[in-house]
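Okay, so here's the structure we're looking at.
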Number of protein chains: 2
Amino acid sequence: MTGQTTIYDVARDSGFSIKTISRVINGAPNVREETVRRVRESIARLDYHPNPAAQRLGGGRLPTIGAVVDSIDDPFFAGVVAVIESRAMDVGMDVLVASTGMDESRMRTQVERLTRRGVAGLVVAPFGGDDTVRKALAVDVPVVVIDRKCGVEDRDVVRATDEQGAYDAVHHLVAHGHRRIAFLGNTSRFTTLVDRYTGYERALGEAGVDIDPRLVETRAWTADEAYPHALALLATADAPTAVFAASPMMGLGVLRAQQRLHRQDIALVIFGDHPASDLMTPPTTFVDQHPSRLANTAFDLLTRRIQEPEAPVRDTVLPTSLVPRGSGELAPRAAAAVAP
Amino acid sequence: MTGQTTIYDVARDSGFSIKTISRVINGAPNVREETVRRVRESIARLDYHPNPAAQRLGGGRLPTIGAVVDSIDDPFFAGVVAVIESRAMDVGMDVLVASTGMDESRMRTQVERLTRRGVAGLVVAPFGGDDTVRKALAVDVPVVVIDRKCGVEDRDVVRATDEQGAYDAVHHLVAHGHRRIAFLGNTSRFTTLVDRYTGYERALGEAGVDIDPRLVETRAWTADEAYPHALALLATADAPTAVFAASPMMGLGVLRAQQRLHRQDIALVIFGDHPASDLMTPPTTFVDQHPSRLANTAFDLLTRRIQEPEAPVRDTVLPTSLVPRGSGELAPRAAAAVAP
DNA sequence: AGGCGGCATGACAGCGCTGTCAACACCCCG
DNA sequence: CGGGGTGTTGACAGCGCTGTCATGCCGCCT
């Protein structure tokens, strides 16, 4: 064992009691400035670092924040976690990661586990039905919900303007002359996706286009599941001339299908960026959710709530922006050329 | 407060002393089977979970493993962390993530911080010179080093066959008729990259091709840094007909340059996969490092070492495999066609 | 002068667990 | 039948910190 230096060493070295050291560490009020200075000196000299386990045991939480996301592997969440880790490091905290694997009960388990561990706060991308999520988040620790509201009313939430972002995307396609625009995205669970569908509807409605149910595919969750559906959509005689993929995963499915069918001529806008999207042929037009901004906002909110547990709940909706890069600006002519 | 159930509650409920409960929890020997059964029953009935902070304080480590990587954002490491998290969850542990941001001293800080936190073990992708890395890893906790050896001799290491993988890649290009093959990768720091360069040398040597120093670019670390160098390489009159990118980041730089110059005709093999590489035009041929296999192996080794701290050190070198997908099979003719 | 309140500090009892050591029952052996 | 294991259990002292309460001191009011 390394014979860690403890608060007693600092007390001995500085000539104060351990309680005063504790006060200095925690920035408690009513400590003379001179005392603070001398204790700080001792701490630095001895390179003392408080033992988090002991701090927690002595009543308190760990200097740790928990991040619960669908999958750490997902580029969107990887980006979010990266920002959180970096912000946490700046304030001397660290980050426990936990994935839900898009499984309601596992999500609940993870939240409970991290809570028991004694984390100071949680950033959660919820997964599941509203009731399940609400139950899972009924824990006694600050929580910030990201990306999806899932009916949560008593927690801070940070998310994007889903409806408007989708509207912008579809409107963009309409503006480029498209009328047969497909929608891909699973609307069965999240308001997020439902909102995006609503944006799709609104844009088409405004353009006077009736929605063709054959162009709406709402069954897939993952890229692998989306792929066959995208194939089917694109292969029909009456194929769409443009596709709106309501999530990056859907987008990957579509891109894969396009490549398979050599149909680089179909316009595509994806909600959310994915790596190397600028290297596609043509480069993918997408709705930017600004994941790092979302993560930063979430971190700020969490910090605030840790300090002020009773602050009013805030539902922050961050604007998205459409980034035209090529795939969304294709004209519909190509489709006609291919029709039998 | 939730009035957490403690070991005392279980003791009372089961009629044994807290020490016996502790024994059952930790699978200690010499406990009657009947006792184990009854204690387990009480634990289940009360839904008791030991308090990790207390376990640690009472002498022991946290049921937590730390992962230190360049960046959580990097798809390669995101994949590694995802696997570790999932494996850890299976055995009731959780994962603290820490990024080095490719900074030697920060890496050391992170390793020390996690060690102080009391993690049971560490998976580290080291960054920095051999001496720095050795010093940073001189901590009193099990460590498994991944991806790069960095001169570490007293720790378990899991990495890929860098030299052979690079050889395969370059040999593949040679076999497709290329003789002017560029190398991109920073060889200034890691044996990993040096080994890959050695593989490049060997493949060219065997083919009787002299190395043209103008085709070897070793300054860049990141994709952004690689991009201008790749541009310069491809734009020269005497441009290479093929490129071997010694890391995914270098690969992205090359792809970006290729797109910019509309030079999809230059053959390319990348060491390491990156997301959507199968969607490039043409799909990217790469050397698969099998990141999840690497992560699984690392986890196995770490588990072993936690249980058997004195086990002999193991340096595991996992084979890579070349995955031809299009970009590596282009013939050199294209370059000639473009020459001025 | 006596009393009161506010500040600065310290003594001490936990927090929930594990390690150490001791106690006890039981068995085998001579 | 006594001595010496072996197997099973418990009492108790920490681990390093924080919360509670007590202490001493000073200035100020009446």
Side-chain angles (χ1 to χ4, degrees), chain A residues 1-40 42-43 46-64 92 115-120 140 306, chain B residues 1-40 42-43 46-64 92 115-120 140 306:
Chain A
M1 295 306 129
T2 328
Q4 213 198 325
T5 67
T6 75
I7 201 171
Y8 286 94
D9 299 318
V10 181
R12 205 170 311 123
D13 184 80
S14 65
F16 291 97
S17 76
I18 57 163
K19 184 60 209 180
T20 297
I21 315 303
S22 169
R23 288 203 178 89
V24 172
I25 293 168
N26 297 289
N30 298 338
V31 183
R32 241 195 319 165
E33 228 173 275
E34 166 66 8
T35 306
V36 172
R37 207 185 45 66
R38 278 167 51 197
V39 170
R40 287 249 169 79
S42 284
I43 289 181
L46 303 179
D47 187 34
Y48 165 72
H49 297 264
N51 180 325
Q55 290 186 115
R56 160 121 181 84
L57 210 53
R61 304 209 142 267
L62 290 172
T64 300
T115 305
R116 261 200 308 273
R117 290 281 186 269
V119 297
D140 188 24
I306 288 172
Chain B
M1 293 307 129
T2 328
Q4 210 198 330
T5 66
T6 75
I7 202 170
Y8 287 94
D9 299 318
V10 181
R12 204 170 313 121
D13 184 80
S14 65
F16 292 96
S17 76
I18 57 163
K19 184 61 207 177
T20 297
I21 315 303
S22 169
R23 289 200 178 93
V24 171
I25 293 168
N26 297 287
N30 297 336
V31 183
R32 240 195 318 164
E33 226 172 277
E34 166 66 8
T35 307
V36 171
R37 207 185 46 67
R38 276 167 52 196
V39 170
R40 287 249 169 80
S42 285
I43 289 181
L46 303 180
D47 188 34
Y48 164 73
H49 298 266
N51 179 326
Q55 290 185 114
R56 160 124 180 80
L57 211 53
R61 304 209 144 267
L62 252 22
T64 299
T115 305
R116 261 200 308 274
R117 290 281 187 269
V119 298
D140 189 25
I306 289 172

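Note on naming: letters A, B, ... go to the chains in the order of the sequence lines (proteins, then strands), and numbering restarts at 1 for each one. Quick note: numbers below take in every heavy atom, side chains included, and nothing from hydrogens, waters or symmetry partners.
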Restricting to non-hydrogen atoms, name the atom on [X] and the atom on [Y] that form the minimum distance, rounded to 0.1 Å.
X	Y	result
A:Arg38	A:Ser14	NH2-O, 3.6 Å
B:Ser42	B:Val10	CB-CG1, 4.0 Å
B:Arg56	B:Gly118	NE-CA, 3.3 Å

TODO: For A:Gly60, answer base if it contacts any base atom (sugar-phosphate contacts may also be present), sugar-phosphate if it contacts only those atoms, and nothing otherwise; contact means non-hydrogen atoms under 4.0 Å.
DONE: nothing

Query raised in the report: What is the nucleic acid contact for A:Ile25, judged by heavy atoms within less than 4.0 Å: base, sugar-phosphate only, or nothing?
Result: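 Result for A:Ile25 = nothing.
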
DNA chain D nearest-nucleotide lookup for A:Ile7 and A:Arg23: closer to the 5′ end is A:Ile7

Of A:Tyr8 and B:Lys19, the one whose nearest nucleotide on DNA chain D sits closer to the 5' end is B:Lys19

Can you check the B:Ile18 CD1 to D:dA11 C1' distance for me, whole Å?
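So the two atoms are 9 Å apart, to the nearest Å.
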
A:Asn30 atom CG is separated from D:dG24 atom C1', nearest whole Å, by 15 Å

field: Positional range of nucleotides in DNA chain C within the contact set of chain A, heavy-atom, under 4.0 Å
entry: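 It runs C:dA8 to C:dG16.
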
Over the length of the helix from C:dA1-D:dT30 to C:dG30-D:dC1, how much do the five-pair end axes diverge, rounded to 10 degrees?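 Rounded to the nearest 10 degrees, the bend comes out at 50°.
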
The single option from A:Val24, A:Ile18, A:Thr20, A:Asn26 that satisfies side-chain contact (heavy atoms from CB on, under 4.5 Å) with A:Ser22 is A:Asn26

So how far is it from [X] [atom1] to [Y] [atom2], rounded to the nearest 0.5 Å?
X	Y	atom1	atom2	answer
A:Arg117	B:Thr64	CZ	OG1	5.5 Å
B:Tyr48	B:Asp13	OH	CG	13.0 Å
A:Arg12	A:Ser17	CZ	OG	13.0 Å
A:Gln55	B:Leu57	CD	CG	11.0 Å
A:Asn51	B:Arg116	CG	CZ	10.0 Å
A:Ile7	A:Lys19	CD1	NZ	8.5 Å

query = Quick one: are A:Asp47 and A:Thr5 in side-chain contact, heavy atoms under 4.5 Å?
reply = no

Contacting residues from residues 48-56 of chain B, given that a heavy atom lies under 4.0 angstrom of DNA chain C: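 Heavy-atom cutoff 4.0 Å gives B:Tyr48, B:Pro50, B:Asn51, B:Ala54, B:Gln55.
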
